[in-house]
Amino acid sequence: MSPRPEAIIRENSSILQLSKEMEGAKPDPELTQALNNLYRREHLGRRIRPNQPQAQVRAFSSRKIQLAVGDRLVALPKAKADALILGRSKAEQNQGGVVYRAPRIPEPLVNPLRQVRRDALLSNVAALPDNTVSAYSDNRDFIEAVMLGANHAMQQELRWRGFPTDMKGTIFHRFWDRGEEPDDTSKDDIGSIRSWTGKLGDQDSPVDQDGDENIVIVIKGDVVRKLDNPLMVIDISTDHNEWDGDPTGGSEPVFWGKIGRDVMYYGFDVSIEFLMSPANRSRAYFVIYEPPGRMRFGLDIGNYTVRRERGALSASIIDPSNAPPMQNWDDLSWSHMDLTPADYVSFAEDKIILKPPQAQFNLWSAHKTSAKIARSFWQKPIAAVLPLERVL
């Protein structure tokens, strides 16, 4: 409950009277200090003006400001003139008539298309089974329809903003993200729309001279979630029904991308007819690589049955009697570990693992360190080889 206003006035009056009486008498130091702490006696009876920040005004020369602004105003028209079209090209001079031009935007349209809708690029991608590899062909009808619609919409925007256009220019040239330089026109998916004839899907492509449908490999599952951006090549082995282990003669993807966090697609300038031909069918392999330069640490499941079932850790996996013999530290698995009652790996001093015969260093001796243990847990980059016949 707040005190009444008249009570506050009486209290303040008594304090002022006490302060006046103390001015003529010798004040008690303890009483003075107590009053100062409670009521701030030096402030009684007068108004306190709050401290306000003062604007710092310094001397300046208006001539310097005039020169700086004047130089900028003089430079702007010159810079604008340098950015303008200086004249007709030689082809335009030979052609004559009114010249219409269109800006070039090298942004691949597949990137905003994936952001608009996850299955806009691959219909019903959510229905793909997990941990599978699928093969598709790129749809040239769809690609050219998207490119034509995007260019028409951008031309309408330019015309609305007063840009001189005849609505026939080609602003967007690329659908797939190929990682090429913006000015490299040889990597464009479509040429000038002005020169198109016939139906959609039948137009010439600067990057695809043969006109065959590209094969697109789609991976969905744990390998994408784990490795983020795995690499892939198509390798034609020299031996039938067996991979020769030499991917140097393989075909690298000409475009690639990611849909969500678990789907990757890779486009190859190779037709399905070529891969399915009798001469190549039994020699074609999809090789999936882990991106180099990434560090992974962990232990393998040494039991083949459990590896197939991908079940939880059980006593049979960590039983040292079931541990397979190690030739080097890459063979280290859960079966070689001792677990604490809380299911943590035991790193006690008496926990010793003998150095494998082909290993260079003794990493699990009684004098092991965190760096040695990390080296024993280091996982080498993986590669998976998948016969093409299992996919197509």
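- A salt bridge does not link Asp202 to Lys199: none of the charged side-chain nitrogens sits closer than 4.0 Å to a carboxylate oxygen.
- A salt bridge links Asp119 and Arg117; the closest N-O separation between the charged side-chain nitrogens and carboxylate oxygens is under 4.0 Å.
- Counting all heavy atoms, side chain and backbone alike, Gln327 lies closest to Pro357 at OE1-CG, 3.7 Å.
- Gln66 CD: more than 12 foreign heavy atoms inside a 6.0 Å radius.
- Side-chain N or O atoms of Gln379 include one that pairs as donor or acceptor with a backbone N or O of Gly298 at under 3.5 Å.
- Residues forming a ring pair (Phe, Tyr, Trp, His ring centres under 6.0 Å) with Phe163 (at least two apart in sequence, or on another chain): none.
- Tyr266 and Leu113 are assigned to two separate hydrophobic clusters, defined by single-linkage of ILVMFWY side chains at heavy-atom distances under 4.5 Å.
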Let me see the working for Val287 and Met232 under side chain to side chain contact (heavy atoms under 4.5 Å, CB included), right down to the final yes or no.
-> CA-CA 6 Å; Val287 187; Met232 172 179 278; over 6 Å; no
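- We find that Asp330 and Lys380 are joined by a salt bridge, their nearest charged nitrogen and carboxylate oxygen being less than 4.0 Å apart.
- Just one residue in the list Thr185, Asp188, Asp184 forms a side-chain hydrogen bond (donor to acceptor under 3.5 Å, both in side chains) with Arg174, and that residue is Asp188.
- Around the CD atom of Glu252, the shell of radius 6.0 Å holds no more than 12 heavy atoms that belong to other residues, nucleotides or ligands.
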Could you walk me through whether Glu290 and Arg296 pass the side chain to side chain contact (heavy atoms under 4.5 Å, CB included) check?
-> CA-CA 11 Å; Glu290 180 178 358; Arg296 289 193 304 113; 2.8 Å; yes
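- Of all heavy-atom pairs between Phe361 and Trp329, the closest is O-NE1, 2.8 Å.
- The list of ring-ring contact (aromatic ring centres under 6.0 Å, His included) pairs with a residue in residues 175-204, not counting sequence neighbours, reads Trp176-Phe255, Trp176-Tyr265.
- Remark: side-chain polar atoms of Lys368 are paired, donor with acceptor, to backbone N or O of Ala348 under 3.5 angstrom.
- Contact of the Tyr285 side chain with the Leu388 side chain is not registered, since no non-hydrogen atoms from C-beta on lie closer than 4.5 Å.
- Of the inter-residue distances, the one linking Ser134 atom OG with Leu128 atom CG reads 5.0 Å to the nearest 0.5 angstrom.
- Within the model, atoms CG of Asn131 and CD1 of Ile219 stand 11.0 Å from one another, a figure rounded to the nearest 0.5 Å.
- Met264 and Val216 fall into different hydrophobic clusters, defined by Ile, Leu, Val, Met, Phe, Trp and Tyr side-chain heavy atoms under 4.5 Å apart, directly or through other members.
- Annotation: Phe142, atom CZ; neighbour count of heavy atoms from other residues, nucleotides and ligands within 6.0 Å is above 12.
- For the pair Arg104 and Ile171, the minimum side-chain heavy-atom distance is 4.5 Å or more.
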Check the pair Asp189 / Val207 against side chain to side chain contact (heavy atoms under 4.5 Å, CB included), numbers first and verdict last.
-> CA-CA 6 Å; Asp189 288 290; Val207 74; 4.0 Å; yes
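- The environment of NZ in Lys226 is sparse: at most 12 heavy-atom neighbours from other residues, nucleotides or ligands sit within 6.0 Å.
- Side chain of Lys372 to backbone of Ser376: no donor-acceptor contact under 3.5 angstrom is found.
- Asn214 places none of its side-chain heavy atoms less than 4.5 Å from the side chain of Val270.
- Atom CD1 in Ile215 sits 4.5 Å away from atom CD1 in Ile272 (nearest 0.5 Å).
- Linking Ile, Leu, Val, Met, Phe, Trp and Tyr residues whenever their side-chain heavy atoms come within less than 4.5 Å places Trp334 and Phe297 in a single cluster.
- Between atom CD1 of residue Ile234 and atom CD1 of residue Ile217 there is a gap of 5.0 Å, rounded to the nearest 0.5 Å.
- At least one side-chain heavy atom of Asn111 sits less than 4.5 Å from a side-chain heavy atom of Asp177.
- Residues Leu122 and Tyr136 form a side-chain contact, since some pair of their non-hydrogen atoms from C-beta on lies under 4.5 Å apart.
- Looking only at distances, no side-chain donor or acceptor of Lys168 sits under 3.5 Å from a matching main-chain atom of Ser195.
- Heavy atoms from other residues, nucleotides or ligands lying under 6.0 Å from CG of Asp141 number more than 12.
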May I have the step-by-step check of side chain to side chain contact (heavy atoms under 4.5 Å, CB included) for Met147 and Phe172, ending in yes or no?
-> CA-CA 7 Å; Met147 301 297 293; Phe172 300 105; 4.1 Å; yes
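- Both Phe268 and Phe274 sit in one connected hydrophobic cluster of ILVMFWY residues. Membership requires side-chain heavy atoms under 4.5 Å apart, directly or through other members.
- In terms of modelled atom types and a separation under 3.5 Å, the side chain of Lys351 and the main chain of Ala366 share no donor-acceptor contact.
- Here Gln203 contributes atom CD and Arg140 contributes atom CZ; the two are 8.5 Å apart, rounded to the nearest 0.5 Å.
- Looking at every heavy atom in both residues, Lys220 comes nearest to Val125 through NZ-O, 3.5 Å.
- Among all heavy-atom pairs drawn from Pro182 and Pro106, the shortest one is CB-CG, 3.6 Å.
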Apply the test salt bridge (charged side-chain N to carboxylate O under 4.0 Å, His left out) to residues Asp166 and Arg194: give CA-CA distance (whole Å), side-chain angles for both, the deciding distance (0.1 Å), then the verdict.
-> CA-CA 10 Å; Asp166 61 350; Arg194 191 187 302 269; 3.0 Å; yes
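- Separation of atoms CD1 (Ile193) and CD (Gln155) is listed at 8.0 Å; rounding is to 0.5 Å.
- Neither Val263 nor Ile288 shares a network with the other; the hydrophobic side chains, linked directly or stepwise wherever heavy atoms of I, L, V, M, F, W or Y lie under 4.5 Å apart, form separate groups for each.
- Val146 places none of its side-chain heavy atoms less than 4.5 Å from the side chain of Val110.
- With hydrogens and angles disregarded, a donor-acceptor distance shorter than 3.5 Å links the side chain of His336 to the backbone of Ser333.
- Side-chain contact between Leu275 and Asn280 is absent, with no heavy atoms from C-beta onward closer than 4.5 Å.
- Proximity of Leu227 to Tyr289: side-chain heavy atoms (C-beta onward) are nowhere separated by under 4.5 Å.
- The pair Asp228-Lys258 meets the salt-bridge criterion, since a charged nitrogen lies less than 4.0 angstrom from a carboxylate oxygen.
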